[in-house]
Protein chains: 2
Amino acid sequence: MTEDETVQASARGPHPHGHVTLEDVARHVGVSAQSVSNALNNPARVAPATRDRILAAVTELGYRPNRSARALRNQRSRLIGVKVEASRGDRAALLLDQFLHALAESAGAAGCHLILCQSDDEAGEIAAYRELLDTTSVDAFVLTSTHAGDGRVEALRRWGVPVAAFGRSWDGDEDLAWVDVDGRAGIRAATEHVAAQGHRRIAHVGWPLSSETGRDRRAGWRDACTDLGLDTVRHAEVPDDFAAGRAATHRLLDAPDPATALICASDTIALGALRALSERGLRAGADVAVTGFDNSPAAALTTPGLTSLHQPLEQVAHDLIATVEEILGGTPSRRQTLLRPELVIRESSLRGATAQDATPTKETR
Amino acid sequence: MTEDETVQASARGPHPHGHVTLEDVARHVGVSAQSVSNALNNPARVAPATRDRILAAVTELGYRPNRSARALRNQRSRLIGVKVEASRGDRAALLLDQFLHALAESAGAAGCHLILCQSDDEAGEIAAYRELLDTTSVDAFVLTSTHAGDGRVEALRRWGVPVAAFGRSWDGDEDLAWVDVDGRAGIRAATEHVAAQGHRRIAHVGWPLSSETGRDRRAGWRDACTDLGLDTVRHAEVPDDFAAGRAATHRLLDAPDPATALICASDTIALGALRALSERGLRAGADVAVTGFDNSPAAALTTPGLTSLHQPLEQVAHDLIATVEEILGGTPSRRQTLLRPELVIRESSLRGATAQDATPTKETR
DNA sequence: AAAACCTGTCCATTATGCAAC
DNA sequence: TGTTGCATAATGGACAGGTTT
């Protein structure tokens with residue numbers, strides 16, 4: 001339809017830029033621009049026959065409403081702001097591309113688009129949000145990686161801006177709309193999985209206790225161990241990087257009566273653990289089980305493959321967009337959702353596994 | 001300044017939404033809205049003293065021009081369209097998050113923002129671009145992963161839309177503005193590096209010859225081998241996935257007089273090669289050298305670490321935005337840029353390396 | 001006469017209310 | 001009287017050209 005027209009080059013209409021406007025459609029049909037607008041936005045106000053003629057012309061001419069004009073008039077841009085984070089080389093993929101893709105897809109289905117902003121610190125991020133708001137560029141924001149006392153949440157709330165967060169409100173905020181993944185249940189599943197492989201001395205390599213997510217994941221490990229009658233003395237709390245995971249693993253394995261399984265809070269840490277095992281001449285899987293979290297590309301592609309927890313990012317993205325739309329539409333309903341991650345089992349946690357058993361097994365709990 | 005105001009909640013101005021407009025500033029200073037506009041966009045037209053008063057009021061009230069109004073008037077949105085791709089689990093990180101972050105940063109510095117679209121096939125991508133154009137949502141596009149006979153390039157050119165591509169114009173198009181990374185030089189450097197480690201039978205595991213990028217990278221390997229007096233009989237052409245890299249490696253090593261070094265066209269393939277070596281009981285580095293391309297997170301975090309070629313994505317992003325800005329400004333100058341990747345050496349290509357020698361060495365050529 | 005400022009009209013769209021059939 | 005279509009005004013900003021001092 002519009003596919004084979006030239007936009008800027010040939011200006012055969014009255015407009016130098018060649019865009020089709022309401023006026024063009026109106027002229028073509030022989031009605032006023034208002035009727036065209038009504039036919040599209042308020043069909044009840046226009047006679048069925050006229051409406052059909054108008055809609056036919058809309059299709060024929062390939063009319064699409066001008067985003068700026070519509071935004072100006074409606075005070076609504078149909079743009080959702082998202083921040084992109086810098087990825088660090090010492091961390092496994094941040095899943096950002098998967099997440100953004102899913103988010104863009106859901107937004108598209110809802111007739112919205114994503115607008116990016118970028119910042120490396122919280123103050124800068126808040127300033128970037130503020131600028132988008134001041135220039136009336138966005139209707140809402142999607143936040144990622146919330147934490148207790150999150151300044152962004154506080155600022156956006158103060159400004160009365162619609163928000164949905166990937167990451168729960170750790171300070172018990174009942175109002176914030178969020179979607180999160182149940183790390184506790186995920187880590188619990190991973191722990192039970194290695195226990196089922198016969199492991200009894202299961203350690204946790206987690207994040208510092210200052211991290212709410214870290215405490216949540218550690219609780220999953222503790223839950224499982226307690227239920228299974230295993231002790232919970234073997235654990236470490238380290239920053240989320242490769243070197244820290246590696247060093248913590250060495251420390252844990254140097255202890256008397258060392259762990260035979262390592263439940264890690266992230267793939268990054270788990271990959272560090274795999275390195276440490278290799279340095280000690282131990283085989284992941286056969287000698288020491290290792291599991292991660294995130295199911296990053298690196299987990300699938302490293303050797304041996306790393307057992308990990310897959311986050312349902314498509315679902316997260318869908319729910320976030322749905323939530324934002326509800327808030328914008330003025331009918332907020334379910335606002336806080338916890339989703340289950342899926343355990344993806346690979347060789348790093350399988351006792352008898354050789355590299356030939358490379359087919360990954362999914363086990364949903 | 002504007003930081004501590006409430007946007008939507010308190011409407012203390014004449015506007016229900018609480019945004020500061022030109023009119024507000026004008027009223028506050030006691031001039032017309034036009035003078036405020038002139039003070040900002042055409043300072044020469046307003047007396048210095050008045051201009052200072054106006055600018056002071058702009059700062060004081062926190063005035064920011066309304067994006068939609070400005071776009072409507074100027075026929076320019078200051079938005080740049082970018083497509084986000086779905087990442088596949090059988091491929092190493094697509095560098096998308098690093099690239100997007102850098103792109104967003106450069107765009108921000110140029111006073112622009114990125115708007116995302118999403119599609120899984122070329123036709124859908126073109127339709128998404130078309131929609132953004134028809135709704136006058138974007139001024140330009142940044143493309144990634146161009147190929148010969150690229151339908152997107154063709155369509156955007158036909159429409160007369162400003163574009164800059166990450167990836168050269170493989171069909172010799174002199175007009176397309178692009179930035180690319182010199183894969184041939186990079187692969188050549190990797191090949192020379194393993195040769196310097198004493199390897200003489202160096203194989204290439206590359207992409208199908210239907211891929212221009214694949215041919216380019218293979219040429220780098222061939223260049224180096226020819227210069228060094230090594231033969232170029234050992235090579236494979238496979239799709240860019242883990243399983244293909246693994247299978248190709250087994251085939252190459254099953255041959256009589258097998259290769260002792262594998263120069264791979266991507267980290268994904270190289271990670272497959274590492275898996276194959278492990279399955280044969282061979283040690284990467286000590287027994288067979290392996291190199292990848294992209295320096296993905298997985299390359300840094302796998303064991304042994306994977307030698308790879310780092311793409312200067314910040315530079316790519318900066319150049320792409322600069323190019324787009326030049327085209328939009330009507331003064332296109334340098335339009336085609338080839339950047340050198342950087343060889344990051346890790347254990348997978350070092351003869352005597354043990355996992356303890358984990359400190360990566362960078363070697364720029 | 002020139003510097004400084006402002007009026008008018010346009011960008012594309014939509015909510016409101018009025019005229020007409 | 002009720003339906004149907006249209007003129008008006010407003011959204012916020014920028015530019016050309018005209019008016020003021």
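Chain identifiers are assigned alphabetically (A, B, ...) following the order of the sequence lines, protein sequences preceding nucleic acid strands; residue numbering begins at 1 within each chain. As the structure is a computational prediction, the values presented were derived from the model and not from experiment.
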Output the rounded distance in Å from [atom1] ([X]) to [atom2] ([N]).
| X | N | atom1 | atom2 | result |
| --- | --- | --- | --- | --- |
| B:Leu22 | C:dC11 | CG | P | 19 Å |
| B:Arg27 | D:dG12 | CZ | C1' | 13 Å |
| B:Arg70 | D:dT11 | CZ | C1' | 16 Å |
| A:Glu23 | C:dC11 | CD | P | 9 Å |
| B:Arg67 | C:dC11 | CZ | C1' | 17 Å |

Notebook entry, point to check: Closest to the B:Ser32 side chain: D:dG12, C:dT13, C:dC6?
Noted result: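 Output: C:dC6.
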
Notebook entry, point to check: Can you tell which of C:dA12, D:dT4, D:dG13 lies closest to the side chain of A:Asn66?
Noted result: C:dA12

Item checked: Electrostatic pair B:Arg158-B:Glu154, nearest N-O below 4.0 angstrom ->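 The answer is yes: the pair qualifies as a salt bridge.
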
Check: Any Lys/Arg nitrogen of B:Asp134 or A:Arg64 sitting under 4.0 Å from an Asp/Glu carboxylate oxygen of the other?
Finding: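 No salt bridge links B:Asp134 with A:Arg64.
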
Check: B:Ser137 and A:Arg67: side-chain hydrogen bond (donor to acceptor under 3.5 Å, both in side chains), yes or no, with the steps?
Finding: CA-CA 6 Å; B:Ser137 304; A:Arg67 171 188 294 270; 2.5 Å; yes

Under 4.0 Å between a side-chain N or O of [X] and OP1 or OP2 of [N]?
| X | N | result |
| --- | --- | --- |
| A:Asn41 | C:dT14 | yes |
| A:Tyr63 | C:dA12 | no |
| A:Thr50 | D:dG5 | yes |
| B:Ser35 | C:dC5 | no |

With sequence neighbours left out, write down each residue that passes side-chain hydrogen bond (donor to acceptor under 3.5 Å, both in side chains) with [X], or none if nothing qualifies.
| X | result |
| --- | --- |
| A:Ser37 | A:Asn41 |
| B:Arg78 | B:Glu325 |
| A:Gln75 | none |

Can you tell me how far the [atom1] atom of [X] sits from the [atom2] atom of [Y], to the nearest 0.5 Å?
| X | Y | atom1 | atom2 | value |
| --- | --- | --- | --- | --- |
| B:Ile115 | A:Leu79 | CD1 | CG | 4.5 Å |
| B:His101 | B:Ser106 | NE2 | OG | 9.5 Å |
| B:Leu176 | B:Arg168 | CG | CZ | 12.0 Å |
| A:Leu40 | A:Tyr63 | CG | OH | 6.5 Å |

Margin query: So for the helix from C:dC10-D:dG13 to C:dC21-D:dG2, with five pairs setting each end axis, what is the inter-axis angle to 10°?
Written below: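 Inter-axis angle at the termini of the helix from C:dC10-D:dG13 to C:dC21-D:dG2: 40°.
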
Item checked: Residue whose nearest DNA chain C nucleotide is more 5′ - B:Ala47 or B:Ala69 ->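 Of the two residues, B:Ala47 wins.
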
Note to self: Can a donor-acceptor pair be found, under 3.5 Å and without considering hydrogens, that links the side chain of B:Thr59 to the backbone of B:Leu55?
What the structure shows: yes

Checklist line | Test: A:Arg130 cationic atom under 6.0 Å from A:Trp159 six-membered ring centre, within 45° of axis | finding: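 That pair qualifies as a cation-pi contact.
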
Next item on the list: Give, ordered by number, those residues of residues 72-80 of chain B having at least one heavy-atom distance below 4.0 Å to an atom of DNA chain C; if nothing qualifies, reply none.
Entry: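 Those residues whose heavy atoms fall under 4.0 Å from DNA chain C, taken from residues 72-80 of chain B in numerical order, are B:Leu72, B:Arg73, B:Gln75.
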
Check: Which letters describe nucleotides 16-21 of chain C, given B = protein heavy atom under 4.0 Å from base, S = only from sugar-phosphate, - = neither?
Finding: BB----

